[in-house]
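Proteins get letters first, then strands, A, B, ... in listed order; numbering begins at 1 in each.
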Protein chains: 2
Amino acid sequence: MEKHYPVLRKCVLFRNIEDMNYEHLLQCLGTQVRKYKEEEYVFFAGDVINHIGIVLSGVVEIMKENLAGNKHILAFIEPSGMFAEGIVCTAKRISPVTVQVKEDAEILFIPYERIIMSCGNVCGFHISLIQNMMIILGEKNFNLNRKLELLTLKGMREKIASFLINESLERKSNTFHIILNRTQMADYLNVSRTSMCRELARMKEEGLIDYYGHSFKILDMDELAQCLE
Amino acid sequence: MEKHYPVLRKCVLFRNIEDMNYEHLLQCLGTQVRKYKEEEYVFFAGDVINHIGIVLSGVVEIMKENLAGNKHILAFIEPSGMFAEGIVCTAKRISPVTVQVKEDAEILFIPYERIIMSCGNVCGFHISLIQNMMIILGEKNFNLNRKLELLTLKGMREKIASFLINESLERKSNTFHIILNRTQMADYLNVSRTSMCRELARMKEEGLIDYYGHSFKILDMDELAQCLE
DNA sequence: AAAAAAATGTAGCTGTGGCTACAAATTAAA
DNA sequence: TTTAATTTGTAGCCACAGCTACATTTTTTT
């Protein structure tokens, strides 16, 4: 377990709990670790969830799948990232999303009750945990809002532009690689792959962007930003 | 102020704080009340927000407005409802949404710091406040997810069906009134009003639903649910 | 009650983007 | 390498939804 301490240290839930004895902390919280193989499901939409998950290694995918089989990717969670933190705070704790492992993963589970309740012992970190939980929920909200923004855009070009500009901002460079392949990117933008490819080709032809495989380059940022207005 | 106590009592933030002396509570939290006229803006997307708002009377609208002027309604908040609770929990506290008053309103503002910090005095309600804040954020998350679900639907009929089924479930009846008018409903579904009206007419013709003004009636729930698959 | 304003419904035209089908290229397996 | 499988790109067709324009109804104002 010790090998995962650096990952935990980066986890937002444990922020401002520097002087920590992790052994004691984890025990007090009643945590459990489980290993998953690629493609394995952690839980499904509709399941009742009582634990928060922290990815120690590997990658998990958060997604929605409707009855028609259309899949929509909400996020990829990498080591030190969390999931299910929004679900456990609701009244019914029914997950609206499905979580699937994309690369062999180890996941740390923490019972929600242990986070919001004080443990009875004199553990000073509970207040910090609670405040961190709030920040996490706030940020989650913020990200959902960004996602909403993307989905409310009307045109294909607007969606692509918004996506690429955001990626570029996050990497702080006009040249960047994306993790997603075309199918995943289309899922993320909630459009059909073929239409997206067509529009990407047009934008390349017009000299707005350039790309090859997963590498993208924004050639005319001003013009690209114009697409959003 | 006393006249608003019943409204506060219904507010989720004050749940499980029954034995409360509101006078003391509100003072300890450093609350302020402001009155707004219809159409007046409470704050704009991009503003930095440090207060949570609770609607005491009237109605406010939460929305996004892009540069092209397309407006997208996220929610209507009625008395005892809250807003900005998601924003204040984030790191930057920059609002992604604009809040506008739709019916003359009185709004109670609470500085975020006063909620998450203990006040130094022996006020037992702080822990409850914090736990309530978490539930609120969780529910907010849940609603955003529902909204996302709606927006990821492809067809007009699917969106309408999803919306109507949800309304029906909430009212627990196949006959119900909606608060939104056609334009607002179209905004909410992120479609054009005319196309929505056309599809509504078709669905009525096919005997799926019936409606007049703001009253709706689901005639064939099975068939309607079928639209989502 | 009359007039004005706002909300709702309808029709026709058009463009975007989804879909099928296939080609080309890249990656993985034999 | 050859073969198979997966990913990516292209083309054509067509339906759906957006838009403009206007008719009709309902609500508000005078």
Do A/Glu167 and A/Arg171 sit within salt-bridge range, that is, some charged N less than 4.0 Å from a carboxylate O?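 Yes, A/Glu167 and A/Arg171 are salt-bridged.
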Tell me whether B/Glu199 is salt-bridged to B/Arg202, with the criterion being a basic N under 4.0 Å from an acidic carboxylate O. yes
Say you draw a straight line from [atom1] of [X] to [atom2] of [Y]; how long is it, rounded to the nearest 0.5 Å?
X	Y	atom1	atom2	result
A/Ile136	B/Thr90	CD1	OG1	13.5 Å
B/Ile49	B/Ser95	CD1	OG	5.5 Å
B/Ile218	B/Ser173	CD1	OG	8.5 Å
B/Met133	B/Leu137	CE	CG	4.5 Å

Listed once per pair and sorted, the side chain to side chain donor-acceptor pair (under 3.5 Å) pairs that draw on residues 133-144 of chain A, sequence neighbours left out: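 Residue pairs passing side chain to side chain donor-acceptor pair (under 3.5 Å), neighbours aside: A/Glu85-A/Lys140.
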Quick one: [X] [atom1] to [N] [atom2], roughly how many Å, whole number?
X	N	atom1	atom2	value
B/Glu199	C/dT10	CD	C1'	14 Å
B/Arg157	D/dA17	CZ	P	10 Å
B/Ile209	C/dG9	CD1	P	10 Å
B/Leu200	D/dG18	CG	P	13 Å
A/Glu158	C/dT16	CD	P	12 Å
A/Arg202	D/dT10	CZ	P	11 Å
B/Met196	C/dT10	CE	P	12 Å
A/Met185	D/dT8	CE	C1'	13 Å

Short heteroatom pairs, N/O only, protein and nucleotides 24-29 of chain D, under 3.5 Å:
residue: D/dT26; atom: OP1; partner: B/Tyr212; partner atom: OH; Å: 2.6

Taking ring-ring contact (aromatic ring centres under 6.0 Å, His included) as the test, write out the residues that go with B/Phe109, two or more places apart. none
Taking the six-membered ring of B/Tyr188 as reference, does the NZ or CZ atom of B/Lys147 fall below 6.0 Å from its centre and within a 45° cone about the axis?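 Yes, B/Lys147 and B/Tyr188 form such a contact.
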Within the pair A/Ser192 and C/dG18, is there a side-chain N or O less than 4.0 Å away from OP1 or OP2?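 For C/dG18, OP1/OP2 do have a side-chain N/O of A/Ser192 under 4.0 Å.
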Polar atoms only, N or O, under 3.5 Å: list the protein pairs with nucleotides 11-15 of chain D and their distances.
none

Tell me which pairs pass ring-ring contact (aromatic ring centres under 6.0 Å, His included) where either residue lies in residues 196-229 of chain A, with sequence neighbours left out. A/Tyr211-A/Phe216
Taking A/Asp104's backbone N and O only, do any of them form a donor-acceptor pair with A/Lys35's side chain (distance below 3.5 Å, no angle check)?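 No, the answer is negative, given that no donor and acceptor are paired below the 3.5 Å cut-off.
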Between protein and nucleotides 4-8 of chain C, what N or O pairs are separated by less than 3.5 Å?
residue: C/dT8; atom: OP1; partner: B/His214; partner atom: NE2; Å: 3.4
residue: C/dT8; atom: OP2; partner: B/Arg182; partner atom: N; Å: 3.0

